[in-house]
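So that the names make sense, note that chain A is the first sequence line, chain B the second, and so on, each numbered from 1.
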Number of protein chains: 2
Amino acid sequence: MAAKRRPTLADVAREVGVSAKTVSRVLNEDGPVSAETREQVLAAVAKLGFQPNLMARNIRVGGPDTTIGLVIPDLANPFFGAVARSIEDTVRDRGLTLLMGSSADDPDRERSLTDKFLARRVSILMVVPSVGADHSHLKPHRAAGLPVVFIDRPGAGLATDSVVSSNRDGSHEGVAHLIAHGHRRIGFIGDLPTKLYTRRERLAGYRSALGDADIPYDRSLVASAHDQRGAEAATSKLLGLADPPTALFAGNNIMALGIVAELARSKRKDVAVVAFDDVSLAEALEPALTVVAQDPEEIGRTVAATALARLDGDRSRARTVTVPTRLIVRGSGEQPASGAREA
Amino acid sequence: MAAKRRPTLADVAREVGVSAKTVSRVLNEDGPVSAETREQVLAAVAKLGFQPNLMARNIRVGGPDTTIGLVIPDLANPFFGAVARSIEDTVRDRGLTLLMGSSADDPDRERSLTDKFLARRVSILMVVPSVGADHSHLKPHRAAGLPVVFIDRPGAGLATDSVVSSNRDGSHEGVAHLIAHGHRRIGFIGDLPTKLYTRRERLAGYRSALGDADIPYDRSLVASAHDQRGAEAATSKLLGLADPPTALFAGNNIMALGIVAELARSKRKDVAVVAFDDVSLAEALEPALTVVAQDPEEIGRTVAATALARLDGDRSRARTVTVPTRLIVRGSGEQPASGAREA
DNA sequence: CTGAAAGCGCTAACAG
DNA sequence: CTGTTAGCGCTTTCAG
């Protein structure tokens with residue numbers, strides 16, 4: 001019942017009647033060891049169920065640990081889940097392990113996570129930066145060789161690599177699609193806070209598409225929400241306007257869920273919709289949901305590849321990689337622009 | 001450009017002109033320290049940007065590390081993402097950090113992950129066990145006090161806590177719902193491998209519901225798939241049968257996506273559907289998707305609470321907690337059971 | 001091919 | 001209130 005001490009190198013050495021260093025040699029395929037000793041050591045390791053203490057090893061070796069610190073806003077958001085999986089797939093064969101945490105887009109939680117990760121001497125730090133977070137405290141670490149990569153948004157106060165989607169162009173393309181189908185009153189529902197990089201970029205794309213078509217920007221057509229419920233309310237609010245939109249553009253996947261759910265609930269098939277970021281079942285909706293698809297797998301791969309290159313000594317200038325989005329036309333952007341038929 | 005050595009306790013001590021232990025005392029609020037020394041130390045810490053090396057600390061203190069090892073099949077699966085988030089939310093205030101990895105349901109990858117986690121002396125191990133994985137190697141660790149909790153499925157070769165959904169009852173309820181609406185030929189599309197615990201349990205619930213209604217079990221109505229595409233193919237296969245099903249039961253969220261997508265593609269509104277596990281946009285489909293909803297948040301909370309209780313010394317017998325599912329009727333289970341109208 | 005000693009960064013256990 | 005010594009589990013360094 002008292003927690004038994006886990007066996008150590010010394011225990012194994014004692015068992016075989018050899019020195020700790022010899023055991024270490026066998027385990028790390030370091031210096032030369034006679035075949036016989038080797039077998040005995042391996043047998044003892046198996047018998048005692050010995051597992052080397054990685055932390056002790058790391059302490060002594062001194063280098064960074066074989067872990068990667070990854071901070072994302074929400075482990076349950078499918079977009080970030082897909083990015084995380086892609087990162088893991090890319091770093092797996094390097095033997096790196098993921099230390100993960102969700103920040104809930106709160107700078108304090110983000111900081112607390114990155115501090116913990118740094119205290120564990122992660123070999124790489126990957127962060128989806130929260131609005132309001134300052135990253136200048138990472139400067140010395142970057143300078144000391146720690147690869148830091150920002151995901152989905154650029155970070156503040158630190159010049160380092162980042163990987164983002166083509167938010168502005170993608171959004172522009174999506175809104176232009178609506179315009180091409182005759183819509184002139186197009187609502188935008190974005191997430192919060194409004195200072196969020198992706199929100200701002202996507203709104204900029206929305207505005208530039210309107211501008212290209214000489215459609216005046218109408219602030220009253222822009223709404224915001226924190227979550228799906230909020231997006232539903234925002235949808236309902238926009239459609240209740242005196243001069244309501246005939247089309248809606250969703251600023252991200254969660255906003256898309258809210259818009260689609262609310263339109264379904266109120267049986268409004270006459271409202272065109274385009275969403276930024278793909279969602280599952282988009283093709284099964286009626287009409288099927290047209291989206292500006294992001295490429296989370298490619299984002300994850302790029303993040304991981306960039307970080308690994310840095311780890312391998314790449315000292316080139318910090319760069320921002322933009323991963324292209326792709327308009328997937330499925331029908332929902334082509335609803336008649338004839339306005340609401342009936343409430 | 002040469003990676004500067006990170007400052008250590010000794011560096012801080014030297015800077016202030018005090019001993020290492022004193023610095024340690026300040027940082028850990030250990031013994032008493034004069035206010036003055038305290039300020040000086042804190043200043044030096046800030047100046048040097050010192051961050052204590054958690055691994056070194058842990059080595060010395062000897063106890064388990066403040067990390068939790070979590071193995072799930074796929075970081076990108078929303079169900080497991082939700083479970084992971086809930087776990088994290090529950091353990092956060094205990095200062096525990098998540099070490100995560102996806103096994104892809106491969107026993108070897110699972111083993112490699114758990115071995116890594118053990119080598120890092122995680123304080124808790126949480127695993128969604130893969131089919132074919134044996135966990136007897138964890139026995140000594142469990143015996144030595146390491147809490148091990150299986151998630152979503154029981155593990156093999158180790159008596160320990162597990163948290164699962166009420167698969168059999170939930171599935172029974174979902175199928176009974178279809179039967180109540182007149183369906184007698186009900187297809188089952190489950191995931192692979194067929195030996196998967198959740199698959200078996202849900203199939204058992206399906207069979208028992210059929211049995212209760214004196215509907216004979218027809219093997220040809222049971223299909224399997226690995227992923228959404230496969231589920232689409234399986235759907236199409238079942239509907240192409242000479243005597244096709246009038247209703248389909250999805251064995252999990254991914255199968256549900258495939259079934260719904262295929263029915264939408266082939267414009268088959270006459271097929272009733274009930275899915276095990278909720279999916280986003282379920283209520284926006286036409287008809288809205290009736291599901292047997294799991295409760296990933298509650299699963300995560302229970303997993304975390306169980307593990308923490310063990311960590312706090314709970315030595316009671318290993319238990320299996322079943323988290324109830326809930327039938328959410330939205331309409332898709334009530335399609336007319338009049339058979340296929342037309343191919 | 002193998003071992004002894006020293007030390008990674010930190011804290012426990014005693015001193016003072 | 002503070003410092004010293006020892007040692008966590010491992011590897012480096014240097015001798016055998």
Whole angstrom value for the distance that separates C1' of D/dT13 from CG of A/Asp30: 12 Å

Rounded to the Å, how far apart are B/Glu29 CD and C/dT11 P? 13 Å

Can you check the B/Leu54 CG to C/dC10 P distance for me, whole Å? 10 Å

Is the backbone N or O of A/Thr67 less than 3.5 Å from a side-chain atom of A/Ser123, with the two atoms forming a donor-acceptor pair by type? yes

Using a cut-off of strictly less than 4.0 Å, decide whether A/Ser34 has a side-chain nitrogen or oxygen near OP1 or OP2 of C/dC1. no

When the nearest nucleotide of DNA chain D is assigned to B/Thr22 and to B/Arg121 on a heavy-atom basis, which residue is associated with the more 5' position? B/Thr22

Taking 4.0 angstrom as the limit, do B/Arg14 and B/Asp11 come out as a salt bridge? yes

Of the residues in residues 43-53 of chain A, which ones touch DNA chain D at a heavy-atom distance under 4.0 Å? A/Phe50, A/Pro52, A/Asn53

State whether A/Ser24 places a side-chain N or O below 4.0 Å from either non-bridging phosphate oxygen (OP1 or OP2) of D/dC10. no

Measure from the side chain of A/Leu9, starting at C-beta and using heavy atoms only, and say which of D/dC1, D/dT11, C/dT11 lies closest. D/dT11

Donor-acceptor pair, A/Arg301 side chain versus A/Thr90 backbone, under 3.5 Å? no

Go through residues 56-64 of chain A and report each residue with a non-hydrogen atom lying under 4.0 Å from DNA chain C, sorted by number. A/Ile59, A/Arg60

Calculate the interatomic distance between B/Glu36 atom CD and D/dT2 atom C1'; express it in whole Å. 13 Å

Of B/Lys21 and A/Arg25, whose closest DNA chain D nucleotide lies nearer the 5' terminus? B/Lys21

Carboxylate-amine/guanidinium proximity below 4.0 Å for A/Arg85 and B/Asp74: yes

Taking the side chain of B/Thr8 as heavy atoms from C-beta outward, which of C/dG9, C/dA4, C/dT2 is closest to it? C/dG9

Would you mind reporting whether A/Pro73 and A/Asp105 have side-chain heavy atoms less than 4.5 Å apart? yes

Minimal heavy-atom distance between B/Ser165 and B/Gln294, with the atoms involved, is OG-OE1, 2.6 Å

Whole-Å distance, B/Arg120 CZ to D/dG9 C1', equals 15 Å

State whether the side chain of A/Asn77 and the backbone N or O of A/Phe79 hold a donor-acceptor pair below 3.5 Å, judged by distance alone. yes

In whole angstroms, the gap separating P of D/dG7 from CE of A/Met55 amounts to 21 Å

Taking only the side-chain nitrogens and oxygens of B/Ser19, find out if one of them lies under 4.0 Å from OP1 or OP2 of D/dT4. no

Quick one: closest heavy-atom pair of B/Ala156 and B/Ala133, and the distance? CB-O, 3.6 Å

Quick one: are B/Asp312 and B/Arg94 in side-chain contact, heavy atoms under 4.5 Å? yes

